[in-house]
Protein chains: 2
Amino acid sequence: MKVQSKKDGVSSVARSQEQNEKMRLERKEQIMAAALREFSAKGLYATKIKDIAEYVGMAQGLIYHYFKSKEDIFTELVTDALDKMNDAVIELGKMPLPPHEKIKAAIKQLLYTIETSERFNQTCCLINQAANSTALPANIKEVIDQKRDVPYRELAKIIAAGQQEGTVVAGDPQALALVFWTSINGLAIYKATRQNNVTLPDAGILINMFVKEQNNGKN
Amino acid sequence: MKVQSKKDGVSSVARSQEQNEKMRLERKEQIMAAALREFSAKGLYATKIKDIAEYVGMAQGLIYHYFKSKEDIFTELVTDALDKMNDAVIELGKMPLPPHEKIKAAIKQLLYTIETSERFNQTCCLINQAANSTALPANIKEVIDQKRDVPYRELAKIIAAGQQEGTVVAGDPQALALVFWTSINGLAIYKATRQNNVTLPDAGILINMFVKEQNNGKN
DNA sequence: TCTTTGATTGAACTTTCATTCAATATTTTA
DNA sequence: TAAAATATTGAATGAAAGTTCAATCAAAGA
C-alpha cells in the first residue's frame with residue numbers, strides 16, 4: 001500500500017486520476033482567490049500577473065499552466081460571481097414566504113453577509129468594476145450583459161407581488177429594485193474599501209424603506 | 001488695428017497675454033472633457049493617452065504640452081469633481097430651509113441632474129472608480145481620502161437635525177447618509193452605463209425613504 | 001529503478017504604451 | 001518682414017508587463 005506525502009500534508013492511498021484533478025482544481029482556486037483580492041481592489045488592468053503570482057507564492061509562468069490569460073481569470077471570476085448572485089436571488093423568489101418577508105429576509109441576510117464576508121464585498125467590487133467598464137474584452141461584456149439584470153428583474157417581481165398584497169411601499173417596482181440593489185452594492189463596496197470602523201445601517205432602516213410599517217414588526 | 005483669425009473663428013483685437021492664457025485653458029478643458037469621458041468609462045489604466053488625443057483630435061505628444069502626465073489629468077479631474085460635489089453639499093447645508101426640505105430639494109435636484117446631465121453621471125463613475133481603487137498613485141489617494149467623506153458628514157448633520165424636528169425617519173444618521181449617497185451614486189452610474197431606456201425612480205420614492213410621510217406633500 | 005507525466009521555475013520574447021524630442025507650422029511682437 | 005514664442009506633429013525611446021518556453025523538479029506507474 002503506497003502512501004503519498006502531499007504538499008498540504010494530506011496523506012492518502014494513491015488514486016492519481018482523481019487526486020490530480022482535485023489538486024489542479026485546488027490550485028486554480030488558490031489563484032482565483034488571489035485574483036479576486038487583487039482585481040477587486042485594483043481592477044483588471046491595474047492588476048499585474050506578477051501581483052497574483054506573488055500573492056499565491058508561485059512563479060508568474062505557472063499561472064499560465066492553469067489559465068489561458070489574465071482576462072480568462074477575470075472572466076471566470078465574474079461569471080461565477082454573477083451566477084452565484086443570480087442563483088441566490090432566484091432561490092429567494094422561490095422561498096415559501098410572502099413577498100414582504102422575502103424582502104426582509106434578503107435585507108437581513110445581505111447586511112449580515114456584508115458585515116462578515118470580506119469575500120462577498122470583494123465580489124461586489126468586482127462586479128461593480130466589470131459592469132461599469134467598457135474597456136473589457138467582448139466575451140466578458142457578453143457575459144455581463146446577459147446576466148447582470150437578473151437580480152433587478154427578480155426583485156422587481158417580488159416587489160410587485162408585495163404591492164399587490166399591500167405590504168410593500170408604492171412606486172415603480174423596477175425603480176424600487178434599482179434603489180435596493182444600488183444600496184446593497186454601495187454598502188458592500190463601502191465596507192470593502194474601509195475595513196475599519198464602518199457604521200453599516202441596521203436592517204430596520206432598509207426594511208422601512210421597502211416594507212410598509214405595519215408589516216415590519218421585529219421577529 | 002490688427003485682426004487675428006483664430007481656429008474657433010473668433011476674430012479680435014490682439015491682446016495675447018490674456019488671450020493666450022484663455023486659449024490654453026480652453027484647450028486644457030477640451031482635453032479634460034475627453035479624458036472624463038474615457039476615464040469614466042474605462043478607468044485610469046485602461047484609458048490610453050492615444051484614446052484621449054484621438055477624441056480631442058490632436059497628436060499624442062501635444063497632450064504633454066498641457067499636462068505633465070496621464071495621472072495628472074486624472075488627478076485634476078478627480079479633485080475638481082470632489083470639490084464641486086463638496087461645495088454643492090455645503091451650500092445645501094446653508095440653505096434657509098428646514099432639514100427635511102433640504103433633503104427633498106437635494107433628491108429632486110440630484111435626480112433631475114442624473115436624468116439630464118451625462119457629464120454628471122460620468123463624474124460619478126469617475127469618483128466611484130477613484131474611490132474604490134487601491135491602485136492609484138499616492139497623491140490621488142490623499143486627495144480622495146481627504147475629500148470623499150464630506151458629503152456623508154454634511155448629509156448626516158442635516159438628517160440628525162431633521163430627526164430632532166421629527167420630520168426625518170429614524171435611524172443612525174451616518175447610516176442613513178450612507179444609504180442616501182450609495183443610492184444616488186448607484187443611480188448615476190446605472191444611468192451612465194445604459195443610456196437607453198432606464199427607469200429611474202421618481203423623486204417621491206426616494207423622499208419617502210428619508211422624510212416622514214406627513215412632511216412629504218407634493219409642492 | 002526507470003520512464004513518463006505533470007508541476008514549477010525564471011529567463012527570454014514581444015507587444016503595448018507613456019513619455020520625450022527634434023522638426024515644422026503658426027502666431028505674436030517689434 | 002524678421003525674430004521670438006508658442007502650438008503641433010509624429011516618430012523614437014524606454015520601460016513595463018503579458019505570454020512563451022526550455023530546462024528542472026517531483027511524483028506515479030511499471
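We name chains A, B, ... by the order of the sequence lines, and we start the count at 1 in each one.
- As rounded to whole Å, 12 Å separates atom P of C:dT19 from atom NZ of B:K48.
- Side-chain contact annotation: A:R27 with A:Q30, donor-acceptor N/O pair under 3.5 Å present.
- The environment of OH in A:Y55 is sparse: at most 12 heavy-atom neighbours from other residues, nucleotides or ligands sit within 6.0 Å.
- Taking atom CD of B:E54 as the reference point, atom C1' of D:dG10 lies 13 Å away to the nearest angstrom.
- C:dT5 atom C1' lies 13 Å from atom CZ of A:R24, rounded to whole Å.
- When the C1' atom of C:dT8 is taken as reference, atom CD1 of A:I31 falls 12 Å away, rounded to whole Å.
- Between A:E71 and A:T75, the side chains place no donor N or O within less than 3.5 Å of an acceptor N or O (distance only, hydrogens not considered).
- Considering only side-chain N and O atoms, B:R27 lies nowhere under 4.0 angstrom from the phosphate OP1 or OP2 of D:dT6.
- For the pair A:E21 CD and C:dA7 C1', the interatomic distance rounds to 14 Å; values are reported in whole Å.
- The interatomic distance linking A:K28 (NZ) with C:dG6 (C1') rounds to 16 Å, in whole Å.
- Using a cutoff of 4.0 Å between basic side-chain nitrogens and carboxylate oxygens, B:K191 and B:E118 are not scored as salt-bridged.
- For DNA chain D, the residues of residues 57-79 of chain B within the heavy-atom distance limit of 4.0 Å (strictly under) are B:M58, B:A59, B:G61, B:L62, B:H65, B:Y66, sorted by number.
- Between A:D149 and B:R194 there is a salt bridge, with a side-chain nitrogen of the basic residue lying less than 4.0 Å from a carboxylate oxygen of the acidic one.
- Regarding A:I49, its CD1 atom lies at a distance of 16 Å from the P atom of C:dG10, rounded to whole Å.
- Using a 4.0 Å cut-off between charged side-chain N and carboxylate O, A:R24 and A:E21 make no salt bridge.
- Rounded to whole angstrom, the span from the CD atom of B:E26 across to the P atom of D:dA7 amounts to 13 Å.
- OP1 or OP2 of D:dA17 has not a single side-chain nitrogen or oxygen of A:K50 nearer than 4.0 Å.
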